[in-house]
Asks: 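One structure follows; several queries about it will come next.
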Amino acid sequence: MLYDPKSIELKWQRAWADARVAEVDVTRPGEKYYMLNMFPYPSGDLHVGHGRNYILGDALFRFLRMRGRTVLNPMGWDAFGLPAENAAIKRGIHPRQWTVGNIANMKGQFTRWGILYDWSKELASCEPEYYHWNQWLFLQLYKRGLAYRGKAPVNWCPSDQTVLANEQVIDGRCERCDSVVVQRELEQWFFRITDYADRLDAGLDTLHDWPEKVKLMQRNWIGRSIGADVDFSVPALGRPIRIFTTRPDTIYGATFMVLAPEHPHVPALIANAPNRQETERWMATVHNQSALERQESGKEGRFTGSTAINPFTNEQIPIWLGNFVLMQYGTGAIMAVPGHDQRDFEFAKQYDLPIRMVVAPKTAAPANVGPTNVGPALSRSEPAGEPALREASEPALREASEPALREASEPALREAYVDKEDGISVNSGVISGLPTPKAIERIIEEIELRGIGRKMVRYRLRDWLISRQRYWGTPIPILYCDGCGIVPVQEDQLPVVLPLDVPFTGREGNPLAKDAGFVNTTCPKCGGAARRETDTMDTFVDSSWYYARFISARDGTGIFDSRLVNRWLPVDQYIGGIEHAILHLLYARFICRTLHDIGLVDFEEPFTRLFNQGPITKEGYRDPSDNMAWVALNEIEWRDGKPFHKGVELLAEVGKMSKSRLNVVPPDELIDRFGADTERVYTLFIAPPEKEAAWSDEGVIGAYRFLGRVWNHGESVAAVVSPAAGPARAPAPTLIRKTHQTIAAVTQRIERFEFNTAISALMELSNAIGDAIAAGENVSESYSILLQLLHPFAPHITEELWEKLGKQPFILTSRWPEADPALMREDSVTIVVQVNGKLRGHVEVANPPIEEQVLAAVRGNERVQQWIAGKNVVKTIYVPGKLVNVVVKS
RNA sequence: GCGAAAGUGGCGGAAUUGGCAGACGCGCUGGACUUAGGAUCCAGUGGCCCAAAGCCGUGGGGGUUCGAGUCCCCCCUUUCGCACCA
């Protein structure tokens, strides 16, 4: 009987579903293991790349089960979001209908892949049953001041007609539709993630089983910087301007100050500016630019007409406005140190501002580094009586007051741009001669002593903008009352149900705002008329806590059962794509901490181990002049139960495109032709799972052949084990050894997520079994072990063959085999003998258990004696099982 | 620009602590069985050479070592991430 996947896969998928094999009673004790694939957005388009994610999860699930763990592996749907709404506008189908239909399709696909989930815990974020608790969570954060409404410049996507979080803006463009994002000043809802910046940063150190790459990306995104806030007095303003710097040690080199054009003091400062009107026009232009345009226009600035006093040199330094200074970071004002900062340097060159060197490379002798200035000189302000201060900066004053002793060349200044680690302060008064780290410490002390500033830790991270001007999302549970202002919906009034009966035209903004029945309500405080918030929540709110909801998905009384969640979480193994390295994973870590602080969970990190699978790519190459090849490639036919690559033949004629460049790989088509097991084996075999893998249609054939051979071997084995068969020859020791070595190898490789080499080991074993069958040996023991080891990768065929051997259904009864070290040992090895690294020949050593015996056997060997005759043997190196190298002195 | 990772046959990729480079698979070549091959099976397949012996081979150049894909230094290339964050 030929291997026909079609006839067996459906049978086993039904059997698994009927037996509810993946359902876990979370209230029962047992050695728990919680594994989770990131829940998908039900987009409706599914290809083999998606499959990789779920197939590798399922292989892990089946492996862990066979090893006796109680494994929870649930699945749900990240079901709110823009594409559903766009589909509604485009095709006139309701977002819910579109979403539910896609969910049904995807669920069917999972089943056809042979993937086992605990569907009793299924959840969909678009159901009131779920988003009820999304709203409840919002109210808890609101109560604690972690959710707030604020006016701020926000990212607006003109195409999607909604605001976006900073994390959703990539290179100044919308991550979804690629439109250039513009800045708008709007009132929006935010989550105060910045309150958790320090904990989110520090927590990364505890995540030992996360990819370094993801941790690094999060660390960069959080952007923790240690430095100092320093006040520079501004006589014209009558009050100081505060700057933030990470290099306070360079303050003696601060020769001017730059403010963001949006800085609140700017209007007062430019009142005296000679070119005030022009400056205002320029400010308006910069303000209206997108972040992208602002950066592309290069460094630009305007002089405000005012000066500040450098508190350490007492020089009057000009205050400039600059488009490169961001209001959102630090204080929106910087001290510019053009001698030691690339951006300040460029700005100073452009506007002819003074440049001063105050840090010398460690390698240069400090004595040789004189005051090094270029550009115009600065005038000093007379310190208004503060003798101590004056005294302290005396050396600096003296140096600074002398007109540029030596005109520094530009290269010299660039060279002076030194690393934090290895510079020495020069021309810097109290800190002259100190290495940079010490200088920073010392100058901060001085700054704090003088009461003009303090040590400061700042973060790049900004608050999470969570409101969206879209329909298909969780309604924000807030009312606006003319009398009472912002009023949260009372918890017993939840959920605020998203009305389904609204029109979608795509032209009039958020349809919710047009729904009078939804908008108009009464204020629970004063009973007067109130309007509902019509913005919905970012869908990343939905996905920031769903992993906990699975434990009690049907609970109508609370967000989840804390007792059970504390038992089952954190998630032991989380699996998903690298695209969520910042967005989802950062938000989930944040929300988990808020849940912790509320007292709902007793852990801070939701995911113990993280694995990011790589994408599957399909070379989309196509010669535009070559339509014939394009058509031909898609014409693969099935004849007499075999795949027929008609496209391949036509392609050979056309001769322009590699056969591997088929464009479409819909999983159903693949399953129809080769079966799910083939797709599973190929997907995991193709490349290391964390790497990007290029799909190859010929490669699939290899996996199919492999399974076909396993199938055919089964026929031979069945003949051997049947009672009618005569006495079989005893299994050969080499096959036994290979079998046990394979058990050890496959076990270890699955644990390390090295699925590709695990499968190659199984192919080797299968080849060995084939050879043994040809030699008439009894292979039934090895064969049944092969089936067990293969099961996580190819569950259907192994169930079927297992049954044919007369055994009980696999998934319910089978255990992972144990390797016997004694059976893995070689009973003789061929040792390669080298003399001084030069290959000399081979020596056979029987029963070589320990190193001394091998060495003795080799040294006592006649031929070896000849090779080393008359030479001085320095040492003899033994590489277990492989070679002996005799090192001699010439 | 800054940061990280990676360069191995025609292709995807193997190779604990440095220890027979190219496992496994695809493709290709030849053969068997066949009306046929696109199924299946057998053999071969890094390069130079008719072949053998031999030599050369893990991006390039140096170095350490009896021995380097692996360790050290310099350079090149690619991919990814961040990108005026003071």
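Remember, predicted model here, so these are calculated numbers, not experimental data.
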Asks: Classify the ring geometry between A:H584 and A:H580 as parallel (under 30°), tilted (30 to 60°) or perpendicular (over 60°).
Replies: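 Rings of A:H584 and A:H580: perpendicular, over 60°.
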
Asks: Atom CG in A:N310, atom OG1 in A:T255: separation rounded to 0.5 Å?
Replies: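 The CG atom of A:N310 sits 9.0 Å away from the OG1 atom of A:T255.
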
Asks: Could you label the plane-to-plane angle of the A:Y329 and A:F244 rings as parallel, tilted or perpendicular, counting under 30° as parallel and over 60° as perpendicular?
Replies: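 A:Y329 and A:F244: perpendicular rings.
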
Asks: Can any side-chain N or O of A:R680 pair as donor or acceptor with the backbone N or O of A:P792 at less than 3.5 Å?
Replies: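 Side chain of A:R680 to backbone of A:P792, a donor-acceptor pair under 3.5 Å: yes, one is there.
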
Asks: Look at the side chain of A:Y3 and the backbone N and O of A:L707, then say whether any donor-acceptor pair between them is shorter than 3.5 Å.
Replies: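 No, the answer is negative, given that no donor and acceptor are paired below the 3.5 Å cut-off.
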
Asks: Applying a 4.0 Å non-hydrogen cut-off, can you work out what A:L216 is touching in the nucleic acid: base, sugar-phosphate, or nothing?
Replies: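 The residue A:L216 makes sugar-phosphate contact but no base contact.
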
Asks: Hey, what do you get for CZ (A:F256) to CG (A:L353), rounding to the nearest 0.5 Å?
Replies: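 If we round to the nearest 0.5 Å, A:F256:CZ and A:L353:CG are 5.0 Å apart.
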
Asks: Could you provide the dot-bracket string of RNA chain B, using ( ) for intrastrand pairs, [ ] for crossing pairs and | for bases paired to another strand, with Watson-Crick or G-U pairs below 3.5 Å?
Replies: (((((((..(((......[....)))((((((.......))))))(((.....)))..(((((..]....))))))))))))....

Asks: May I have the distance from A:Q741 (atom CD) to B:U16 (atom C1'), rounded to whole angstrom?
Replies: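 Roughly 15 Å, once rounded to whole Å.
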
Asks: According to a strict under-4.0 Å criterion, is A:K691 in side-chain N/O contact with OP1 or OP2 of B:G13?
Replies: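 For B:G13, OP1 or OP2 has a side-chain N or O of A:K691 closer than 4.0 Å.
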
Asks: Does a distance-only test, which skips hydrogens and angles, find a donor-acceptor pair under 3.5 Å between the side chain of A:K213 and the base of B:C80?
Replies: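 Flag unset: no donor-acceptor pair detected.
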
Asks: Could you classify B:G10 for me, syn or anti, using a glycosidic angle within 90° of 0 as syn?
Replies: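 That one's anti.
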
Asks: Under the salt bridge (charged side-chain N to carboxylate O under 4.0 Å, His left out) definition, can you give me all pairs with a residue in residues 761-773 of chain A, not counting sequence neighbours?
Replies: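 Residue pairs passing salt bridge (charged side-chain N to carboxylate O under 4.0 Å, His left out), neighbours aside: A:K738-A:E764.
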
Asks: Rounding to an integer number of angstrom, what distance separates B:U65 and B:U78 when you compare their P atoms?
Replies: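 Approximately 35 Å lies between the P atom of B:U65 and that of B:U78.
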
Asks: What orientation do A:F755 and A:F793 show, parallel under 30°, tilted 30 to 60°, or perpendicular over 60°?
Replies: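 Because their plane-to-plane angle is over 60°, the rings of A:F755 and A:F793 count as perpendicular.
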
Asks: At less than 4.0 Å, is any side-chain N or O atom of A:R460 found next to OP1 or OP2 of B:A83? Yes or no.
Replies: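 Yes.
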
Asks: Report all interatomic pairs (protein N or O, nucleotide N or O of nucleotides 23-26 of chain B) with separations under 3.5 Å.
Replies:
residue: B:A23; atom: O2'; partner: A:E764; partner atom: OE2; Å: 3.3
residue: B:G25; atom: OP1; partner: A:N767; partner atom: ND2; Å: 3.1
residue: B:C26; atom: OP1; partner: A:R705; partner atom: NH1; Å: 2.7

Asks: What is the nucleic acid contact for A:E212, judged by heavy atoms within less than 4.0 Å: base, sugar-phosphate only, or nothing?
Replies: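 Result for A:E212 = nothing.
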
Asks: Please find out if less than 6.0 Å separates the ring center of A:Y704 from that of A:F706.
Replies: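 So the answer is no for these two rings.
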
